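A quick write-up on the structure given underneath.
What you see is a predicted model; the values in this text were computed from it and never measured. Just so it is clear: chains get the letters A, B, ... in the order the sequence lines come, proteins before strands, and each one is counted from 1.
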Amino acid sequence: MEQTGEFRIRATRNEVWEALKDPEILGRCIPGCESIEVAEKNRFVATVTARIGPVKARFQGEITLSDLNPPESYTLKGNGQGGAAGFARGEARVRLEEQNGDTLLKYDLGANVGGKLAQLGSRLVDGAVRKFADDFFASFKQVLEGEPSAADEEPSAADREPSAAGKEPSAADRQPSAAEGEEPPTAEAGARAKRRRATSVIWIVVVVALAAAAIFFL
Amino acid sequence: MAENTSNTGIGQSVRRREDVRFLTGKGQYTDDINRPGQAYGVFLRSPHARARITSIDAATALEKDGVIAVLTGADMAADGLGDLPCGWTIHSVDGEEMKLPPHPALAHDTVNYAGEPYALVVANALAEARDAAEQVVTQFEELPPVVSPGEAQADGAPELYAGIPGNTCYRWELGEKDATDAAFESAAHVTSLEFENNRMLPNAIEPRACVAEYDAATQDFTLFTTSQNPHLARLILSAFVQVAPEHRLRVVSPDVGGGFGSKIFVYAEETTCTWAARRIGRPIKWTAQRSESFLTDAHGRDHLTKAELALDGDGNFVGLRVRTVANMGAYLSTFGSAVPTILYGTLLAGQYKTPAIHVSVDAVFTNTTPVDAVRGAGRPEATYVVERLVETAARELDIDPVELRRRNFIPPDAFPYQTPVALEYDTGDYGASLDKALELAGYAEFSARKAEAHSRGKLRGLGFSCYIEACGIAPSQLAISLGAGVGLYESGEVRVNATGSVTVFTGSHSHGQGHETTFAQIVSDKLGIPFDDVEVVHGDTARSDFGLGTYGSRSAAVGGMALVEASNKVIAKGKRIAAHMLEASEEDMDFENGVFSVRDSNRQLSFGEVAFMAYVPSNYPSDLEPGLSEKAFYDPKNFTFPAGSHICEVEIDPDTGVVEVVNFTAVDDFGIVINPMIVEGQVHGGVSFGIGQALMEHSRYDDTGQLITGSFLDYCLPRADDMPPMQVDLTTTPCTHNTLGVKGCGEAGAIGAPAAVMNAVTDALSIRDMNMPATAEKVWRAARGED
């Protein structure tokens with residue numbers, strides 16, 4: 001499975017870069033995350049329970065950051081063992097580009113699954129990643145935006161739900177849907193002109209964390 | 001034919017007696033069997049296509065409730081168990097013996113396909129075994145896999161096994177290479193095609209299962225298992241794997257819900273459970289989950305082929321050249337090596353008098369599930385090669401495909417006919433089958449139907465397939481000279497009881513074929529006794545002497561003939577007893593319709609009276625043993641050669657790519673038919689297998705070696721509403737070398753149908769070729785003119 005995407009973020013590259021490294025936030029937002037710890041510099045270990053189609057598994061995972069070239073790029077590798085359910089692993093190459101004071105975050109994500117996950121879930125993986133991503137977005141917004149008013153949050157969550165459902169059917173749809181990933185922040189930025197700059201930074205964190213999270217349980 | 005068997009003898013559509021228990025839920029399958037103190041086994045399987053096992057930590061699992069043992073490949077190796085063998089040795093063209101990797105039942109160093117078992121967890125309850133399996137922590141070091149057969153021999157491909165360069169099991173050839181090359185040089189036209197014969201899954205409705213038991217008091221093992229050949233399983237488990245001595249191992253194969261070849265083979269699971277039952281001192285049951293069936297039942301087909309047909313200026317076939325790479329999977333399954341050679345290359349003459357044929361087959365190893373016989377086994381692949389080429393040549397030369405075939409058929413007066421590829425066909429009339437099929441299929445009116453479909457925006461196509469198969473395997477000496485590790489005769493016993501009823505024991509095994517009915521028809525017909533007086537026993541090494549089992553459409557032609565021979569012995573002894581009772585000489589005795597009579601007299605005795613005398617010998621020859629029970633081992637004199645013409649008509653909706661098979665005609669020559677109803681059912685089943693291969697089924701791996709068609713979500717089997725109306729009929733040239741005149745019918749549909757369907761699809765789309773399966777997407781793209 002290959003996914004690519006890019007996000008334009010209203011923050012400097014340094015801000016984005018720094019925002020990527022908070023395991024505490026990641027741990028609270030990754031659906032099914034039971035624990036996440038810094039094992040050593042640039043290496044996290046985590047336990048995540050996830051379900052893909054008929055297969056539910058508890059993954060012991062590890063994420064490493066490599067090829068670090070701050071604040072421009074790095075490679076993020078994840079590897080999860082799900083016991084009898086099989087394994088999942090992925091690699092994301094993340095690049096940050098400056099663009100008129102904003103930051104353009106680009107990623108290429110390659111992932112593969114093995115064992116029962118592949119046997120029963122190969123067609124469901126993409127859809128499951130989308131679902132995971134939506135759940136992650138919702139949580140992450142809530143955690144980082146602080147005072148979530150129900151009125152603010154409900155519509156945006158609702159907005160995302162149908163679009164995610166629409167994206168599931170085939171790999172051919174993946175490309176456009178990855179591009180659409182840019183829309184929610186842009187739309188919201190328009191709708192809420194007074195959003196604090198931190199919110200934009202949060203989006204970057206969310207996006208990168210999403211990539212990381214996807215790798216965790218993929 | 002005896003009067004009392006007039007409705008039940010040979011040639012009668014007797015209803016299947018076994019269906020009463022199957023249809024009322026009274027069948028006794030392996031999973032229905034439970035033994036006192038039985039524990040349950042769950043296998044740990046590799047999630048990787050290729051990896052080294054670096055550690056297995058079972059400590060946590062062993063602490064769980066109910067867990068009895070976690071046994072690994074290392075434990076098995078320590079007990080000195082032998083490898084799972086391949087029963088057929090093929091030699092490469094240079095004379096070298098085929099190369100085969102070690103194949104322990106439980107992997108203990110490397111795993112070589114996703115799903116390969118490396119440990120067995122045994123617990124009191126199935127749920128406990130499953131829970132414990134989750135707690136075993138295994139570390140793997142992944143190794144680069146070879147997934148596609150086309151990549152196995154490439155420069156730089158990983159070498160999967162030491163001592164097997166190029167991952168090549170053998171390079172086999174058959175036929176005259178020089179003569180064939182010369183024919184191509186002088187040919188007026190050459191038609192060539194390159195294609196893949198799609199990998200298939202067998203999909204028996206009953207998953208594989210076993211219950212293994214060891215009795216410490218008697219030291220006897222009993223293995224209940226889903227086998228098409230329990231005696232062969234016993235032979236392999238004792239002589240090769242050495243898990244138990246042959247005389248202490250009873251293998252019972254009770255009701256079995258379909259095999260399609262996949263239950264011929266001896267697999268890791270029943271082997272491991274038999275070994276483990278003794279180690280833990282408890283019976284062990286294992287029943288495959290459907291997902292395990294997908295991963296571990298031997299797959300079928302998977303050939304990459306380049307084939308060329310040379311024709312002279314008159315459309316006569318002058319040469320055929322075929323080059324195939326056959327995927328063996330990660331190991332050699334029990335008969336995997338024979339399928340793309342003995343059952344494939346030898347059939348490439350088809351129904352035609354092509355004088356020069358040369359075939360070369362490279363068998364290669366990949367990190368995929370082992371490949372072996374699936375319904376048809378080699379012969380569907382051969383038919384596909386020949387019949388796709390013939391149809392394509394007809395189109396290229398603008399000759400009616402029917403006419404081109406007729407021009408090249410082996411004529412009826414040419415039999416026995418020696419092909420350039422080793423076989424000697426005994427009899428046949430290919431034109432007769434084709435004529436009948438053309439009539440049933442309404443060939444003359446096809447162009448009108450095509451025009452009518454066109455007016456509705458639909459594309460109609462017609463495709464032919466004139467197949468031949470070699471069945472009734474096989475003459476033992478010939479088979480052994482070709483590499484078989486066993487003879488291929490069959491045993492039968494006709495045990496006449498004192499009251500005149502008969503119990504028949506056969507080494508054949510019925511798992512859907514209806515032998516309990518057809519074999520009773522044969523014996524009741526031969527002995528002239530009521531059908532209901534004959535009971536057929538099969539599937540138990542403790543009850544039948546020996547057996548080679550059921551596959552390759554051999555049961556009637558070999559197993560049935562063993563019963564004929566045993567019946568003849570019963571009649572011969574009965575004549576001696578009757579002659580004594582009637583004070584006549586044995587030479588003057590006749591036997592007909594269940595009555596022993598003195599020629600040219602009215603003195604006679606019924607079969608029952610003679611049987612009773614054999615067991616209560618009050619008036620009996622002094623030099624004759626009492627009792628009336630006879631055995632025979634029948635070794636066939638040749639293969640049998642069922643052949644026929646299949647015609648498929650399809651209609652394609654170019655807007656959706658959906659292919660509808662609107663009519664399928666099968667006219668087959670199976671020789672003498674014992675039960676026409678059962679034969680028709682076999683044709684229906686075989687044709688659905690063939691349509692499945694042509695339009696829907698494909699077992700696929702991703703490029704890391706993960707089976708991505710691992711469930712019915714992703715592996716498409718035909719359903720009832722995918723099946724067309726079928727016109728099924730017969731022509732008959734009796735087999736010349738068995739006295740029943742039978743040839744075999746179990747695989748014909750699967751052999752003939754794929755080429756017929758694809759010839760029809762390519763005709764409808766006016767395209768040259770398309771790889772199977774012709775899915776809606778592929779067809780839709782082709783209809784739009786895309787590649």
Side-chain angles (χ1 to χ4, degrees), chain A residues 1-3 32 34 45-62 64 77-91 109-129 168-174 215 217-218, chain B residues 42-51 55-58 60-61 111 113-119 121 129-140 142 145 147 201 289-296 367 369 699-716 777:
Chain A
M1 185 190 75
E2 299 287 334
Q3 291 190 20
E34 294 174 16
V45 293
T47 303
V48 178
T49 299
R51 173 183 282 279
I52 299 182
V55 185
K56 185 182 175 191
R58 193 160 172 266
F59 287 91
Q60 309 285 341
E62 182 181 281
T64 55
K77 289 180 185 166
N79 194 347
Q81 297 292 333
F87 66 87
R89 62 163 168 257
E91 182 174 316
L109 173 67
N112 59 57
V113 295
K116 200 169 278 186
L117 278 173
Q119 190 189 356
L120 300 179
S122 59
R123 282 209 308 189
L124 309 171
V125 166
D126 286 3
V129 170
E168 281 187 30
S170 84
D173 293 339
R174 204 60 57 215
I215 287 163
F217 92 111
L218 269 188
Chain B
V42 166
F43 285 90
L44 292 170
R45 300 183 181 281
S46 170
H48 301 289
R50 182 169 176 239
S55 68
I56 301 172
D57 180 359
T60 313
V111 285
Y113 64 95
E116 181 175 4
Y118 63 87
V121 179
R130 284 193 185 142
D131 284 351
E134 292 279 341
Q135 302 300 321
V136 177
V137 179
T138 308
Q139 300 293 338
F140 295 96
E142 284 185 66
V147 181
L201 284 156
Q289 292 185 286
R290 182 58 65 180
S291 59
E292 291 181 288
S293 306
F294 274 89
L295 283 178
T296 64
N367 296 109
T369 301
S699 165
R700 292 180 62 188
Y701 289 82
D702 71 9
D703 55 13
T704 66
Q706 297 292 336
L707 180 68
I708 55 172
T709 52
S711 76
F712 288 123
L713 277 175
D714 299 296
Y715 188 91
C716 185
E777 183 192 345

Given heavy-atom pairs under 4.5 angstrom as the criterion, report whether the side chain, backbone, both or neither of [X] touches chain A.
{"X": "B/Thr704", "result": "side chain"}
{"X": "B/Leu44", "result": "neither"}
{"X": "B/Gln289", "result": "side chain"}

Under 3.5 Å: donor-acceptor pair, side chain of A/Gln119, backbone of B/Gln706: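 Side chain of A/Gln119 to backbone of B/Gln706, a donor-acceptor pair under 3.5 Å: no, none is there.
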
Nearest-0.5 Å distance that lies between atom NZ in A/Lys116 and atom CZ in B/Arg45: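 If we round to the nearest 0.5 Å, A/Lys116:NZ and B/Arg45:CZ are 9.5 Å apart.
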
Nearest heavy-atom neighbours spanning A/Gly86 and B/Pro47: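 Answer, listing the atom of A/Gly86 first, then B/Pro47: CA-CB, 4.1 Å.
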
